[in-house]
Amino acid sequence: MPAPAGTKRVRGVQIHRPFVYGTEAVPFDPANRPKNAPADHTHSWKVFVRGINNEDISYWLRKVQFKLHDTYPNSLRMIEGPPFEVEETGWGEFEIAIKFYFVPESTEKPQSIWHGLKLHPYGDDIEGKKERREMVKSICYEEVLFNEPVEQFYDVLTGGGTNVRGKASAKMGKASARGMPTAEIPERISKDNVYSREQESRELDRLGVAIKTVENQITEEKKRLIEEETKLAELEKTEGRPLNKKR
Ligand code: SLL
C-alpha cells in the first residue's frame, strides 16, 4: 500500500542545518536607564535563534517559543517569524527553554533546548569587563539533524521544490549558489560572524595543542612516579619497610 501523501521518507538520508542561539546582555547605563524598566532591573538582554551569518532559516524553522522565568509576565513568548528573538530587561540569570517548531511540510515534532541567560561577565578580566560595561555574550553553534526527511521536506531543504528562494535559482545547478538552501558555513571569519571554516580549523589547532600538552604532562608525571618509586625502593632497602605499610 503506498504511503499517504506527505509521509514518504527519503531513506538513508540525513540533512543537517546549522544555526546559532544564545543570549546577549548589557548592564544599564545609570545615566540612561530604559524608561519603562522596573526599579529592580539592572540589565537589558536578548535571547535569539538565527542562521549562521544571519542566513534566513525560516524555510525549515516555522516559529520559536522562548520560555522565560516565571517572574516575567507572559513568560511563554511565541515568535512567529524571523527575527526569532525576545528582548527584555531583568535582574537575574535563569535557564530559558527554547522550543523549535519546524515548517509543516517537515511533519517533524517540535524540539527543545535549554540555554542559560548570562548577565554577568565570565572568563578572563571579569573586573575590566564590568568596568567597561561590556556586552556579555553566551552563544552556541548547533546543527539540527533531519533524519530521513519526508519527500516534500527534502525538496524544501535541498531547493528541489518550488520553495527555492533567490532570482538565480532557475539557472542554478549548485546548491551553494546565492539564495539556495545550504548547510555550508562561510570560509572566513567576518566582523559579525565567527562560525566559519577558518574558525573551525583554528579550534582544531587549539585542540591539537591541548592534546599535546596533556600528553606531555602524562609523560612527565609517569617519569616522576618511576623516580619516586625508585627512591622509595632504595629507602626500603636501607631503612626497612614502614611498620604500617601494607603490601
Ligand atoms: C535568581 N533563580 O534568583 C534566579 C531567578 C529571575 C529573573 C531569576 C525579572 C522579572 C521581573 C527577572 O530578572 N527575573 O520582575 O520582571 O537569580
Side-chain angles (χ1 to χ4, degrees), residues 16-58 60-104 106 108-145 185 189-195 199 203 206-207 210:
H16 73 277
R17 286 291 176 261
F19 63 95
V20 286
Y21 66 98
T23 57
E24 290 173 350
V26 264
F28 289 161
D29 175 353
N32 193 16
R33 277 178 61 94
K35 278 172 217 74
N36 302 325
D40 56 347
H41 286 198
T42 52
H43 290 71
S44 301
W45 58 262
K46 181 199 267 192
V47 56
F48 59 83
V49 174
R50 58 171 87 114
I52 305 294
N53 219 4
N54 246 333
E55 185 195 307
D56 180 16
I57 52 175
S58 61
W60 59 265
L61 186 59
R62 165 71 190 83
K63 56 185 183 178
V64 178
Q65 186 194 63
F66 298 93
K67 166 82 180 75
L68 310 185
H69 194 264
D70 289 336
T71 45
Y72 281 92
N74 315 315
S75 61
L76 278 179
R77 310 285 174 91
M78 184 65 94
I79 306 300
E80 302 276 349
F84 300 109
E85 59 185 40
V86 169
E87 288 192 68
E88 262 298 348
T89 61
W91 51 262
E93 300 182 335
F94 59 93
E95 294 286 317
I96 302 174
I98 307 175
K99 194 165 175 182
F100 292 70
Y101 292 81
F102 303 104
V103 293
S106 72
E108 298 283 342
K109 291 198 194 78
Q111 280 186 38
S112 291
I113 49 180
W114 288 84
H115 188 74
L117 165 65
K118 293 292 230 177
L119 297 184
H120 308 296
Y122 55 94
D124 305 328
D125 188 22
I126 292 179
E127 287 312 311
K129 287 174 182 165
K130 272 190 199 161
E131 241 162 68
R132 294 187 293 275
R133 263 196 268 117
E134 261 178 33
M135 178 181 277
V136 176
K137 295 186 185 190
S138 168
I139 303 176
C140 301
Y141 173 95
E142 190 49 280
E143 292 175 357
V144 58
L145 188 68
I185 60 174
I189 296 174
S190 64
K191 187 169 68 60
D192 304 314
N193 175 57
V194 294
Y195 301 101
Q199 178 71 3
E203 202 67 7
R206 207 172 64 84
L207 286 173

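Atoms within a ligand are numbered from 1 in the order they appear, just like the ligands themselves.
Thr89 has its side chain within reach of Pro38: a pair of non-hydrogen atoms, C-beta onward, lies under 4.5 Å apart.
Ile79 and Lys63 make their closest contact through O-CB, 3.2 Å (heavy atoms, listed as atom of the first residue, atom of the second, distance).
A ring-centre distance under 6.0 Å is found for Tyr72 and Phe94.
Ion pairing between Glu80 and Arg62 holds under the 4.0 Å rule for side-chain N and carboxylate O.
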List, pair by pair, the atoms of ligand 1 and of the protein that are both N or O and lie under 3.5 Å apart, giving the separation rounded to 0.1 Å.
from, atom 1, to, atom 2, distance (Å)
ligand 1, 13 (O), Tyr72, OH, 3.3
ligand 1, 13 (O), Trp91, N, 2.7
ligand 1, 13 (O), Gly92, N, 3.1
ligand 1, 14 (N), Thr71, OG1, 2.9
ligand 1, 15 (O), His41, NE2, 3.3
ligand 1, 16 (O), His41, NE2, 3.3

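Considering only residues two or more places apart in sequence or on other chains, His16 meets the ring-ring contact (aromatic ring centres under 6.0 Å, His included) condition with none of them.
Around the CG atom of Asp29, the shell of radius 6.0 Å holds more than 12 heavy atoms that belong to other residues, nucleotides or ligands.
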